[in-house]
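In what follows, a structure is listed as structure tokens, so that the remarks can point back to it.
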Amino acid sequence: MKTSNFPIFTQKDITSEAELISHKLMIKAGIVRQLTSGLYTWLPLGHRILEKIKMIIREEMNAIGSTEILMPLIQPAELWKESNRWEEYGPELLRINDRHKREFCFGPTFEEVITDLIRKEVSSYKQLPINLFQISTKFRDEIRPRFGVMRAREFIMKDSYSFHSSEQCLNETYKKYSSAYENIFKRLMLNYTIVEADSGNIGGNESHEFHVIADSGEDDLLLDESTQGMNVEIAKIKYGETDVQKIINENNLKHVKGIEVGHIFKLGDKYSSKMKAEITTKESEKINLLMGCYGIGVSRIVAAAIEQNNDEKGIIWPSSISPFDVALIEIDGHKDKLVRNFSAVVYQKMQDSNIDVIYDNRELKLGNKLNDWELMGIPKVLIIGPKETKNNIVTLKDRVKETKTELHVDNICDVILQR
RNA sequence: CGGGGUGUAGCGCAGCUUGGUAGCGCGGCUGGUUUGGGACCAGUAGGUCGUAGGUUCGAAUCCUAUCACCCCGACCA
């Protein structure tokens with residue numbers, strides 16, 4: 001990719017309205033722009049980050065036998081009335097009418113739609129289990145959107161749904177998702193924890209949340225030495241005590257702040273019973289399907305990752321989700337043909353080795369370019385000027401270690417690929 | 001919904017108290033000098049001061065209404 005085809009929207013000054021470091025950096029680095037309250041446009045850089053995260057999620061979903069689908073953003077009211085959530089969900093459910101005055105809503109979650117699909121398509125235990133997921137835009141009309149994409153009204157979420165004929169099968173699948181989620185957050189290189197959670201208005205009887213640990217997190221978590229813990233809602237129920245500080249002291253727990261980036265639920269027959277999603281068992285009995293659902297906040301992960309990985313210069317991407325592996329900076333390439341030609345050769349070499357490289361051929365000074373790519377958090381920067389061109393080398397600068405290394409042109413790809 | 005704040009050039013802001021030619025920084029464009037960490041000089045373009053009404057000889061400034069955005073509280077991936 002060349003900057004001539006990949007607009008960079010970095011900016012020096014940002015509005016004082018942004019409070020969180022991740023929100024500030026996402027604006028400065030040109031990842032998102034706000035359209036209006038709770039709604040954001042993802043710029044080219046931001047879109048690439050989202051795609052990297054989605055790819056990791058897809059791979060881990062496929063690895064446990066979950067298959068991708070895509071459901072409509074707009075959902076008919078009838079289904080929500082069946083589950084009783086048309087009333088229960090409240091104003092967070094954004095409702096609209098079509099030209100025939102028929103009622104619809106923007107989907108904040110998809111239990112109704114997927115249950116409707118499965119009840120129509122599945123009638124026998126032989127067709128189970130079924131594991132499906134989608135990565136799509138969700139809409140929740142939040143009371144108060146805030147912190148940029150951290151709490152947006154429109155956001156990108158991966159949601160999975162599983163269907164079973166037995167409790168045992170649901171339990172096994174729930175465990176599979178839990179371990180898949182662990183793999184995902186490990187691959188995202190985030191410091192995370194799993195806690196017991198309250199199932200909220202999604203419902204069901206068991207649930208766990210995945211949190212990225214950050215002081216700016218909105219959730220309060222209580223952890224024990226093994227860092228297996230619970231959120232405060234569960235703690236209050238579990239210990240029969242409303243004074244959180246008392247719970248912490250009496251049970252020797254640690255209090256940390258977390259950003260909820262994943263949530264898995266055992267739904268049981270909550271939706272299948274209300275929506276009459278039945279199957280016939282081996283014994284020719286009709287039973288309600290058992291369900292699980294499993295969410296990951298994709299767009300929120302971008303903000304959470306930045307909360308955990310930044311310095312005074314800007315973002316420092318974990319290598320697995322960096323929008324580019326390396327930025328190639330040419331010094332005054334528009335004035336120096338030799339530099340430009342050599343840069344093009346290096347660029348081509350890296351492309352041939354499938355390295356995600358952004359070639360900065362803008363007419364800017366070296367300092368401008370370096371500052372930009374450091375702000376945007378690219379882990380490695382290659383510099384090519386007259387000196388490098390003359391000696392058939394490049395200078396490699398490491399975002400974190402700040403080291404400068406001269407590499408011969410033949411070794412570039414090997415060193416970059418080593419990570 | 002209750003409480004607080006902010007809307008002025010592409011971006012970030014000052015001006016408003018005490019009404020009188022609409023400003024600063026960054027960015028843009030032109031020319032020149034620079035050039036290995038956000039260069040300098042000269043010139044230039046760009047604004048119905050959120051919107052509507054009112055007070056006044058005169059309103060960015062005072063009054064009223066309204067809209068938008070942000071912050072604090074009640075809800076949540």
Side-chain angles (χ1 to χ4, degrees), chain A residues 9-20 23-24 27-28 30 33-39 57 88-93 107-110 135-160 181 197-202 207-212 217-219 231 233 258-265 293-304 313-314 329-336 339 362-375 381-390 394-395 397 402 404 406:
Chain A
F9 297 110
T10 51
Q11 58 184 53
K12 280 186 182 173
D13 297 318
I14 57 161
T15 172
S16 52
E17 283 175 354
E19 300 223 319
L20 238 51
H23 189 195
K24 288 180 187 167
I27 296 167
K28 281 188 86 171
R33 288 290 181 267
Q34 178 171 309
L35 174 63
T36 186
S37 180
L39 306 180
I57 293 173
E88 286 170 5
Y89 216 93
E92 208 175 305
L93 189 63
T109 178
F110 286 72
I135 299 175
S136 69
T137 298
K138 312 293 192 283
F139 193 97
R140 295 183 187 175
D141 199 358
E142 293 284 344
I143 294 172
R144 188 150 81 84
R146 65 184 120 175
F147 303 144
V149 301
M150 194 73 88
R151 176 167 305 289
R153 294 194 289 176
E154 191 175 300
F155 58 99
I156 299 168
M157 182 166 99
K158 187 286 301 179
D159 46 330
S160 306
Y181 274 33
D198 186 31
S199 357
N201 65 8
I202 306 288
S207 86
H208 287 87
E209 291 171 349
F210 291 73
H211 286 264
V212 166
E218 295 185 80
D219 295 305
N231 68 23
E233 287 78 21
I259 300 167
E260 185 182 353
V261 288
H263 202 157
I264 59 178
F265 304 79
C293 75
Y294 318 87
I296 290 185
V298 177
S299 43
R300 181 177 280 181
I301 285 172
V302 179
K313 289 180 173 177
I329 295 178
E330 61 171 22
I331 300 173
D332 291 337
H334 58 292
K335 290 181 190 163
D336 188 331
V339 167
R362 294 178 295 173
E363 294 186 17
L364 289 177
K365 303 190 67 166
L366 174 64
N368 288 291
K369 294 185 181 185
L370 281 170
N371 280 318
D372 262 0
W373 294 110
E374 283 164 354
L375 171 63
V381 173
L382 290 181
I383 302 166
I384 293 178
K387 183 182 84 183
E388 286 81 2
T389 302
K390 201 165 117 193
V394 297
T395 299
K397 183 135 195 264
E402 305 240 330
K404 278 187 178 176
E406 292 188 347

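Both backbone and side-chain heavy atoms feed into the values below; hydrogens, waters and symmetry mates do not. In what follows, chains are A, B, ... by sequence order, proteins preceding strands, each numbered from 1.
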### Query
Within less than 4.0 Å of OP1 or OP2 of G12(B), is there a side-chain N or O belonging to Lys12(A)?
no
### Message
Over all strands shown, is Asp159(A) touching base, sugar-phosphate only, or nothing at heavy-atom distances under 4.0 angstrom?
### Response
nothing
## Note on the structure
Which of C75(B), G38(B), G36(B) is nearest the side chain of Ile331(A)? It is G36(B)
### Shortest non-hydrogen separation from Phe265(A) to Ser207(A) and the atoms involved
CD2-CB, 3.8 Å
### Query
Heavy atoms under 4.0 Å, any strand shown: does Glu388(A) hit a base, just sugar-phosphate, or nothing?
base
### Rounded distance in Å - CD (Glu233(A)) to P (C75(B))
10 Å
### Message
Classify Lys387(A) by what it touches in the nucleic acid, base, sugar-phosphate, or nothing, heavy-atom distance under 4.0 Å.
### Response
base
### Task
Determine the minimum heavy-atom distance between Pro386(A) and Val339(A), stating which atoms define it.
N-CG2, 3.6 Å
### P gap between C11(B) and G54(B), integer Å
30 Å
### Task
Round to the nearest Å and state the distance from Glu218(A) atom CD to A77(B) atom C1'.
11 Å
### Query
Between Lys369(A) and Glu374(A), is there a side-chain N and carboxylate O pair less than 4.0 Å apart?
no
#### Entry: Nearest-nucleotide pick for Ser37(A), side chain only, options being G73(B), A39(B), C70(B)
C70(B)
### Task
Measure from the side-chain heavy atoms of Arg144(A) and tell me the nearest of A39(B), G36(B), C72(B).
C72(B)
### Task
Output all residues satisfying ring pair (Phe, Tyr, Trp, His ring centres under 6.0 Å) with Phe155(A), sequence neighbours left out; order by chain, then residue number.
none
### Message
Partner lookup for G28(B), please. Criteria are Watson-Crick or G-U wobble with both distances under 3.5 angstrom; report none if nothing qualifies.
### Response
U44(B)
### Query
Can you tell which of C11(B), A77(B), U34(B) lies closest to the side chain of Gln11(A)?
C11(B)
### Message
What's the gap between G28(B) and G2(B) when it is taken at their P atoms, as a whole Å value?
### Response
45 Å
### Query
Mapping Ile296(A) and Asp332(A) onto RNA chain B by nearest heavy atom, which one lands closer to the 5' end?
Asp332(A)
### Message
If you only use heavy atoms from C-beta on, which nucleotide in A77(B), C71(B), C70(B) is closest to the side chain of Gln34(A)?
### Response
C70(B)
### Message
Whole angstroms only, please: what is the CD1-P distance between Ile143(A) and A77(B)?
### Response
13 Å
### Task
Could you tell me whether the side chain of Gln11(A) and the main chain of Asp13(A) form a donor-acceptor pair under 3.5 Å?
yes
### Message
Classify Thr36(A) by what it touches in the nucleic acid, base, sugar-phosphate, or nothing, heavy-atom distance under 4.0 Å.
### Response
sugar-phosphate
### Residue Glu260(A), side-chain heavy atoms: nucleotide from C75(B), A77(B), C70(B) that is nearest
A77(B)
### Task
Would you kindly give the CD1-to-P distance between Ile14(A) and G12(B), to the nearest whole Å?
9 Å
### Query
Met157(A) CE to C76(B) C1': how many Å, rounded?
11 Å
#### Entry: Shortest non-hydrogen separation from Lys158(A) to Val298(A) and the atoms involved
N-CG2, 3.8 Å
### Message
Output the rounded distance in Å from CZ (Arg151(A)) to C1' (A77(B)).
### Response
8 Å
### Message
If I compare all heavy atoms of Ala152(A) with all of Glu142(A), which pair ends up nearest, and what's the gap?
### Response
O-CG, 3.8 Å
### Task
Taking atom P in both G32(B) and C24(B), compute the distance separating them and give it to the nearest angstrom.
26 Å
### Message
Between G10(B) and C57(B), how far apart are the two C1' atoms, rounded to whole Å?
### Response
37 Å
### Message
With a 4.0 Å cut-off on N to O distance, would you call Arg151(A) and Glu218(A) a salt bridge?
### Response
yes
### Task
With a 3.5 angstrom cut-off on both distances, give the Watson-Crick or G-U wobble partner of A39(B), or none if there isn't one.
U33(B)
### Query
Is a side-chain donor or acceptor of Arg33(A) paired with a backbone partner of Phe9(A) at a separation under 3.5 angstrom?
yes
### Message
From CD of Glu330(A) over to P of U35(B), roughly how many Å is that when rounded to an integer?
### Response
19 Å
### Query
Which part of the nucleic acid does Glu142(A) contact within heavy-atom distance under 4.0 Å: base, sugar-phosphate only, or nothing?
base
### Message
Using a 4.0 Å heavy-atom cut-off, does Glu154(A) contact any base of the nucleic acid, only the sugar-phosphate backbone, or nothing at all?
### Response
nothing
### Message
With rounding to the closest Å, how many angstrom separate the C1' atoms on G19(B) and G58(B)?
### Response
8 Å
### Counterpart residues, ring pair (Phe, Tyr, Trp, His ring centres under 6.0 Å), relative to Phe139(A) (two or more places apart)
Phe106(A)
### Query
Do Lys138(A) and Ser136(A) have side-chain N/O donor and acceptor atoms under 3.5 Å apart?
yes
#### Entry: U34(B) base / Lys335(A) side chain donor-acceptor hit below 3.5 Å
yes
### Query
Considering Watson-Crick and G-U wobble pairs with both distances under 3.5 Å, what does C69(B) pair with?
G5(B)
### Task
Quick one: label Ile383(A) by what it contacts on the DNA or RNA (base, sugar-phosphate, nothing), any heavy atom closer than 4.0 Å.
base
### Query
In whole Å, what separates the C1' atom of A22(B) from that of A60(B)?
8 Å
### Gly148(A) or Val261(A), whichever maps to the more 5' nucleotide of RNA chain B
Gly148(A)
### Pairwise P distance, A9(B) and G47(B) [rounded to whole Å]
10 Å
### Message
Heavy atoms from C-beta onward define the side chain here; which of A77(B), U34(B), C13(B) lies closest to that of Thr15(A)?
### Response
C13(B)
### Base-pairing mate for U64(B) - Watson-Crick or G-U, with both contacts under 3.5 Å
A52(B)
### Task
Would you mind telling me which of A77(B), G38(B), G36(B) lies closest to the side-chain atoms of Thr395(A)?
G36(B)
### Query
What distance, rounded to whole Å, do you find between the two P atoms, one in C41(B) and one in U34(B)?
15 Å
### Task
Looking at every strand, decide which applies to Ala152(A) at a 4.0 Å heavy-atom threshold: base, sugar-phosphate, or nothing.
base
### Task
Please state how far atom CG in Asp219(A) lies from atom P in C75(B), giving the value in whole angstrom units.
13 Å
### Summary
5' to 3', nucleotides 4-10 of chain B under a 4.0 Å protein heavy-atom cut-off (B base, S sugar-phosphate only, - none) gives -------
### Task
Mind checking Gly295(A) for me? I need base, sugar-phosphate or nothing, with any heavy atom below 4.0 Å counting as a touch.
nothing
### Query
With sugar-phosphate meaning primed atoms plus P, OP1 and OP2, does Pro386(A) contact a base, only sugar-phosphate, or nothing at under 4.0 Å between heavy atoms?
base
#### Entry: Nucleotide nearest Arg300(A) when distance is taken to its side chain, options C76(B), G73(B), A39(B)
C76(B)
